[in-house]
Amino acid sequence: MEVKKLDYNSITTHHIDIYAFQRDLLTWFQEEQRDLPWRKDKDPYKIWVSEIMLQQTRVDTVIPYFHRFIDKFPTIEALAQAEEEQVLKSWEGLGYYSRARNLQAAVREVHEKYGGIVPDNPKDISSLKGVGPYTAGAILSIAYGLPEPAVDGNVMRVLSRILLITDDIAKASSRKIFETAVRDLISHDNPSYFNQALMELGALICTPTSPSCLLCPVREHCQAFFEGKQTELPVKMKKKKQRIVQLASILLSDKEGRLVIQKRPSEGLLANLWEFPNIEISLQYMTEKEQLSTAIKNQYDTHIENIEMIGKIQHVFTHLTWNINVYQAKIDKIREQKNVKQVTLEEIKAYPFPVSNQKMLKQYLDSNHL
DNA sequence: TAATCGTGGAT
DNA sequence: TATCCAAGATT
């Protein structure tokens, strides 16, 4: 039996039988792994798509998106040649939309620069847009079988407990500690299963609150379980409060019932998605309706009448909250403008919208019995 | 390093 | 209801 000594912080020294640990973890994964759509084959493109979608996103949420996305863009070439708007539409509701735009940009680079072959080395794959340390390691290990660490939140939680690592996992610098640990622990016979098993263990057994230690296949290797500290780990700093912004959005319909939509800027929040006209409400002498009316007249150079509120929506982001009052009004034809369109209720279905705006459209349809 | 960037489910 | 937070990357 080989026992290797590992030091990952100044507090404790860890002893772990690496091969027994690998054996217990891999045997468990072999038996208990979930049947997930991106585990059907080792197509690097599909692995890649799944890893991007899974960033900060639950497996159950991703599954239907993954099916639709691969169905629509089955290959590198298909995604490379697609319109960005189509890609964003496929991503609608999944969040973090720069993931979709970065993925397509990176796929186009692979198509042109690498002949459609996803790079199989850390340097090249890490240079692709949207491919950070985790995703690079995930693709290299899962698709190409290379012994590279793929450290995500699961891995940090699991290893913080097994190795009693007390570094704050909210700090970016902590990831390297865990990558060092994975390089020491990883199975060179099956890096793909090893990395996936650590994540699967985190998802199914070694959960954030109330981990199922009695069902854990590696509990005899777990320092936290031995010391009864599993619920004290990982150490993670709390984040501060987000700010709140008051908005007024408005669905503007002309005589044919067409609605005004506008494309958001190409950078920042909800970049390149479409939305209904809106303003940030400030505390001043004008009422909300007056502020809206003035803004619409200035922006679209049109006559506006019958402004009425039809509902309220709260759009909660990670770092801010929009409290939106939703209005509707009648207008004439608007002045032609870039990134502004008047579309029918049929045409509007082709445009990617944030979830908040999808809810607004529902409110509009309901309140007008459409 | 610390903010920014979505959404919905779990507790 | 409030908070956390889920297979992170970018700036």
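In what follows, chains carry the letters A, B, and so on, assigned in the order in which the sequence lines appear, proteins first and then strands, with residues in each chain numbered from 1. The figures here come from the full heavy-atom set of this structure, side chains too, leaving out hydrogens, waters and symmetry mates.
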Using a cutoff of under 3.5 Å, can you pull out all pairs of nitrogen or oxygen atoms linking the protein to nucleotides 8-11 of chain B, with atom names and distances?
unit_1	atom_1	unit_2	atom_2	d
B:dG8	N2	A:R58	NH1	2.6

Could you tell me how far apart A:I324 (CD1) and B:dG6 (C1') are, to the nearest whole angstrom?
13 Å
Over how many whole Å does the gap from A:R175 atom CZ to B:dT1 atom C1' extend?
14 Å
Set out, in order, the CA-CA distance, both residues' side-chain angles and the distance that settles side chain to side chain contact (heavy atoms under 4.5 Å, CB included) for A:I281 and A:Q291, then state yes or no.
CA-CA 8 Å; A:I281 296 299; A:Q291 291 182 52; 4.1 Å; yes
Please state the P separation for the pair C:dT1 and B:dG6 - nearest whole angstrom.
26 Å
Which of these nucleotides, C:dA7, B:dT7, C:dG8, is closest to any side-chain atom of A:P354?
B:dT7
What is the distance, rounded to the nearest whole Å, between atom CD1 of A:I52 and atom C1' of B:dT7?
17 Å
Is A:H319 close enough to B:dA3 that one of its side-chain N or O atoms is under 4.0 Å from OP1 or OP2 there?
no
Given C:dA7, C:dA9, B:dT4, which nucleotide is nearest the side-chain atoms of A:P133?
C:dA9
Got a salt bridge between A:K236 and A:D168, using NZ or NE/NH1/NH2 to carboxylate O under 4.0 Å?
no
Rounding to an integer number of Å, can you tell me how far A:K236 NZ sits from C:dA6 C1'?
9 Å
Test side-chain contact (heavy atoms from CB on, under 4.5 Å) applied to A:V118 and A:I76, A:L140, A:I47, the passing residue:
A:I76
Taking the six-membered ring for Trp, is the centroid-to-centroid distance between A:Y65 and A:F69 below 6.0 Å?
no
Distance between the P atoms of C:dA7 and B:dA3, in whole angstroms?
23 Å
Report yes if at least one side-chain N or O of A:Q56 is closer than 4.0 Å to OP1 or OP2 of C:dA6; otherwise report no.
no
Most 5' of A:A172 and A:S356 on DNA chain B, judged by nearest nucleotide:
A:A172
Which residue, A:I16, A:L25, A:I162, forms the side-chain contact (heavy atoms from CB on, under 4.5 Å) with A:L185?
A:I16
Could a donor-acceptor pair under 3.5 angstrom be found where the side chain of A:T135 meets the base of C:dG8?
no
Atom CH2 of A:W91 to atom C1' of C:dA9: distance rounded to whole Å?
13 Å
At a heavy-atom distance below 4.0 Å, what parts of residues 265-280 of chain A sit against DNA chain B?
A:G268, A:L269, A:L270
Between A:F276 and A:Y364, is the ring centroid distance below 6.0 Å?
no
Atom CG of A:D152 and atom P of C:dA6 are separated, to the nearest Å, by 9 Å
Assign A:L198 to base, sugar-phosphate, or nothing according to its heavy-atom contacts below 4.0 angstrom with the strands shown.
nothing
What distance do A:E275 atom CD and A:S249 atom OG have between them, rounded to the nearest 0.5 Å?
7.0 Å
Need one value for A:K129: base, sugar-phosphate or nothing, where a base atom within 4.0 Å counts as base even if backbone is also close, heavy atoms only.
sugar-phosphate
Residue A:Q55, side-chain heavy atoms: nucleotide from C:dG8, B:dG6, C:dA7 that is nearest:
C:dG8
Report the residue (A:N154 or A:G130) whose heavy-atom-nearest nucleotide on DNA chain C is the more 5′ of the two.
A:N154
Starting at atom CZ of A:R264, determine the distance to atom P of B:dG6, rounded to an integer number of angstrom.
9 Å
Say whether A:T57 and A:R99, considering side chains only, have a donor N or O and an acceptor N or O under 3.5 Å apart.
yes
Let me confirm one number: the CG-OG1 distance from A:N298 to A:T302, rounded to the nearest 0.5 Å.
12.0 Å
Contact class for A:R34 vs. all strands (heavy atom < 4.0 Å): base, sugar-phosphate, or nothing?
base
Report the distance from atom CG of A:L128 to atom C1' of C:dA9, rounded to the nearest whole Å.
13 Å
Could you tell me which residues satisfy ring-ring contact (aromatic ring centres under 6.0 Å, His included) with A:W322, sequence neighbours excluded, listed by chain and number?
A:H315, A:F317
Can you name the one residue among A:W48, A:F73, A:W91, A:W38 that meets ring pair (Phe, Tyr, Trp, His ring centres under 6.0 Å) with A:F66?
A:W38
By nearest atom, which of the nucleotides B:dT7, C:dA7, B:dT1 is closest to the A:S173 side chain?
B:dT1
Any side-chain N or O of A:Y96 under 4.0 Å from OP1/OP2 of C:dA6?
no
